[in-house]
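The structure appears right after this line, and notes come after that.
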Amino acid sequence: MLRYKNSLRKKLHDKLKVKHSLSLEDLEIGYPPQAKFGDLALTFPFELAKKMKAEPRKVAQEIVQLISPLEGVEKIEVAVPGYINLFLDKRSFFSQQLLTLDTPSLSPQEEHIIVEHTNINPNKAAHIGHLRNACLGDTLVRCLKYKDEKVEVQNYVDDTGVQVGDVVFGFMDMEKKKLSDIAKIKEKFDYYCWDLYRRVAAYFEKNPEAQERRSEILKKIEEREKPEVELAHHISRRILKSHLQTMDRIGVSYDLLPCESDILGLKFWEKAFSLLKAQKAVYLASSGPNQDCWVMETEDEGQKEKVIVRSDGTVTYVGKDIAYQLWKFGLLGRDFYYEPFIKKDDKTIWITASAPQKDSPQFGRGSQVYNVIDIRQAYLQKIVVQGLKSLKYFKQAAKSIHFSYEMVALSQKSLEELNLEISEEDKERSFLEVSGRKGLGIKADDLLDRLEEKALAEVEKRNPEFTESQKTSIARQISCGALRYFMLKYARNSIIVFDFDEALNFEGETGPYLQYTLVRLNSIFRKLEERESFGEKDLQDLISSGEIPLEMLSGEELTRFWDLVLYASQFEEEVLHSIHSLEFSHLAKFAFNLCQKFNAYYHLYSILGAENSQFKQIRILTIYHIKEVLGKAFSLLGIPLPERM
RNA sequence: GCGCCUGUAGCUCAGUACGGAUAGAGCAAGGGAUUCCUAAUCCCUAGGUCGCAGGUUCGAAUCCUGCCAGGCGCACCA
């Protein structure tokens, strides 16, 4: 449809330019609210009427005279207030759609896009909040790649921060463990640390005097002193591997894992600091509450300033982030070294290193950067962008996009289900924020396990004859589909109050519903092959022959057919819209709606048992079109497609 | 206090970017459909002062102003 609209817009522009000065963009083409009004609607007569101080209806009528006849358009009508409704030539439109199924009309606009997402502190297991981040980020990546953009996916690892330091404290000071003892821990390590981290946080609450030791550990990690730095390294790498395994379960992967330890080791901050000082973007506060700190003035809030370097000379998180953002755009003048971290199939996930390595690829130097980070960090992201601006990198500042989203919270009901202890104060709240420190949260692997378990039981019920490995593999695909759809169905601005019943539901607007629809669709084609030896080649022959016996259809079936075709053809528009608004719930809803439309069609019209071969032909072509579009949509949403379920 | 966000059906949410034709889904509730391509499905019923009050407009859930309610942010934490 995108392609069609673009060419229609050009045609309209050509026909109208003699009489009206309208730009191509002014000629907006929308959809009427009801199918009976038409297939496409032009609303620009209203704008024009305003300019000409005329009645919209009259303007619309005049325009219809100018643009008629239009190639590919069967009928043009003026609707009462002043819309121009177009009725397309169904046969030529459908045939065009079928022939261009494999050739996307989207084209890239950037040289190199960097998407940073996931970014879990490597000191505990991943939880549902992290899953939302990863699903959003990964879907963006898939959509950008579909648009043919060059995309590099980074997952930042804060391996020298407070959170890792706290777990080091837990092992060393509370559990009195050495590296060799930790290495011997057999149980799921990220779960072990989840629990330990919660105990450490509670310990610091009760023993404020331990703060001193806490700072000491952090300092030793930064200055690469043993044994603290060895422990931090062991813990962070081991947990990072767990995270990658968890993310692999939902089909999420990365190109590069940039580590904070290397940002420190390679003195990224020192370089960024000298750049900022040279541009006078930061200054040493000589008085006031921030005395002896290097601060940056914030844009809108008047005199307010943000501390970048503390009075003890250490750099804040934002400072390091500014350096990292500069590096992403290739503006820092320093670079990482890289080594392989994990190889799976033919894909390598690289990690940064602080010494030169052999045969490593190039990363960074993006022309556009997306940071997928929850909305609570909006202020800090703004400061990072301001850092770029103060260095006069206005273009890069404009291309720094904070992909923000709301948190996943826990309902009181889900807390009860998990038997988590909460304070009296927290009991009053309608929902609770996930908190690693308090150990409040649902671990990603636990949730995925529960989804898999339920899916397995459902598969068992329906397909007892499948082999065990078939069943588990299908269950995995279903759990992934269920989770990804769940994370994408909500607008990013909306808080997800997590509820087990909702998340584990496989009926209605859920991932498994979508998967089931496509499984059914595929199974029709499988049966066509089995029973009638009608295969892919016959299908392609049918399409290229251009024989579309549309004349067979009338009444209800014609309406349904056309509704399906028209809706499915909007796929690329939905992808673009989702990228522009960073709202992938649009794409999720689109796939769901298309499934609903198909399911209704499926119930009314038999394909295998069609009345005659012409009905069969047209129905096969119709559902093939849907199958292809759904297949593409699923792959962008990261929803796997089981053979059967 | 300042800034950002949210308020739509019993519940969970779309729809707001760029105002447009009768405000849509799912869940829950009630009723119905399976000798036939997978019932993880489909159909029907019921359910709405779009937080409140003004304003702009031919036209407002959508834009503007004020108010009410809730959330988040405004660290020498990350």
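Residue numbering restarts at 1 for every chain, and letters A, B, ... go by the order of the sequence lines. Heavy-atom basis, side chains included; hydrogens, waters and symmetry copies ignored.
An aromatic stacking contact links Phe37(A) with the base of A21(B), defined here by ring centres under 5.5 Å apart and ring planes under 30° from parallel. Between the side-chain ring of Phe592(A) and the base of A25(B), no stacking contact exists by the 5.5 Å and 30° definition.
A donor N or O paired with an acceptor N or O is found under 3.5 Å between the base of C76(B) and the side-chain atoms of Ser311(A). With hydrogens and angles ignored, no donor-acceptor pair under 3.5 angstrom links the side chain of Glu406(A) to the base of U6(B).
Here Val459(A) lies in heavy-atom contact (under 4.0 Å) with a base. At a threshold of 4.0 angstrom between heavy atoms, the contacts of Arg644(A) include nucleobase atoms, whether or not backbone atoms are also involved. Within the nucleic acid shown, Asn85(A) comes within 4.0 Å of at least one base atom, counting heavy atoms only. Among the heavy atoms of the strands lying under 4.0 Å from His577(A) is at least one base atom, whether or not backbone atoms are also near. Looking at heavy-atom distances under 4.0 Å, Ile607(A) makes contact with a base. Within the nucleic acid shown, Ala79(A) comes within 4.0 Å of at least one base atom, counting heavy atoms only. Ser585(A) comes within 4.0 angstrom of no nucleic acid atom, judged by non-hydrogen atoms across all strands.
Arg492(A) has its side chain within reach of Phe403(A): a pair of non-hydrogen atoms, C-beta onward, lies under 4.5 Å apart. In this structure, Cys143(A) and Phe584(A) have side chains that are in contact, with non-hydrogen atoms separated by less than 4.5 Å. Residues Leu276(A) and Trp269(A) form a side-chain contact, since some pair of their non-hydrogen atoms from C-beta on lies under 4.5 Å apart. At least one side-chain heavy atom of Ile76(A) sits less than 4.5 Å from a side-chain heavy atom of Ile84(A).
Remark: the separation of the P atoms in G47(B) and A9(B) is 14 Å, to the nearest Å. Here the separation of U8(B) from G48(B), taken at their C1' atoms, is 8 Å to the nearest Å. As rounded to the nearest Å, C18(B) and G31(B) have C1' atoms that lie 43 Å from one another.
Nearest to the side chain of Ile495(A), among A40(B), C37(B), G71(B), sits G71(B). If you check A75(B), C76(B), C13(B) against the side chain of Lys589(A), the one that comes closest is C13(B). When distances are taken from the side chain of His586(A) to each of G73(B), G15(B), A78(B), the shortest belongs to G15(B).
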Without placing hydrogens or testing angles, list every side-chain donor-acceptor pair under 3.5 Å for residues 617-624 of chain A, not counting sequence neighbours.
unit_1: Arg619(A); atom_1: NE; unit_2: Glu557(A); atom_2: OE2; d: 2.8
unit_1: Arg619(A); atom_1: NH1; unit_2: Ser606(A); atom_2: O; d: 2.7
unit_1: Arg619(A); atom_1: NH1; unit_2: Glu611(A); atom_2: OE1; d: 3.2
unit_1: Arg619(A); atom_1: NH2; unit_2: Glu557(A); atom_2: OE1; d: 3.0
unit_1: Arg619(A); atom_1: NH2; unit_2: Glu557(A); atom_2: OE2; d: 3.4
unit_1: Arg619(A); atom_1: NH2; unit_2: Glu611(A); atom_2: OE1; d: 3.4
unit_1: Thr622(A); atom_1: OG1; unit_2: Ile618(A); atom_2: O; d: 2.6
unit_1: Tyr624(A); atom_1: OH; unit_2: Gln540(A); atom_2: NE2; d: 3.1

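Nucleotides of RNA chain B nearest to Asn463(A) and Leu380(A) differ in position, and the one nearer the 5' end is that of Asn463(A). Two residues, Gly609(A) and Lys489(A), neighbour RNA chain B, and the one matched to the more 5' nucleotide by heavy-atom proximity is Lys489(A).
Side-chain contact check for Tyr513(A) and Asn599(A): at least one donor-acceptor pair (N or O, by modelled atom type) lies under 3.5 Å.
Rounding to whole angstrom units, OH of residue Tyr324(A) and P of A78(B) are separated by 17 Å. Protein atom CD of Glu460(A) is 16 Å distant from nucleotide atom C1' of A40(B), rounded to whole Å. Ile263(A) places its CD1 atom 13 Å from the P atom of A78(B), with the value rounded to the nearest Å. Separating the NZ atom of Lys454(A) from the C1' atom of A40(B) is a distance of 9 Å, rounded to the nearest angstrom. The distance from atom CZ of Phe534(A) to atom C1' of C37(B) is 14 Å, rounded to the nearest whole Å.
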Legend entry - Intra- and inter-strand pairs of RNA chain B in dot-bracket (Watson-Crick or G-U wobble, both distances under 3.5 Å; | for another strand): (((((((..((((......[...)))).(((((.......))))).....(((((..]....))))))))))))....
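Under the ring-ring contact (aromatic ring centres under 6.0 Å, His included) criterion, Phe204(A) pairs with Phe169(A), not counting sequence neighbours.
With a 6.0 Å cutoff to the six-membered ring centre and a 45° limit on the axis angle, Lys320(A) does not count as a cation-pi contact of Phe268(A).
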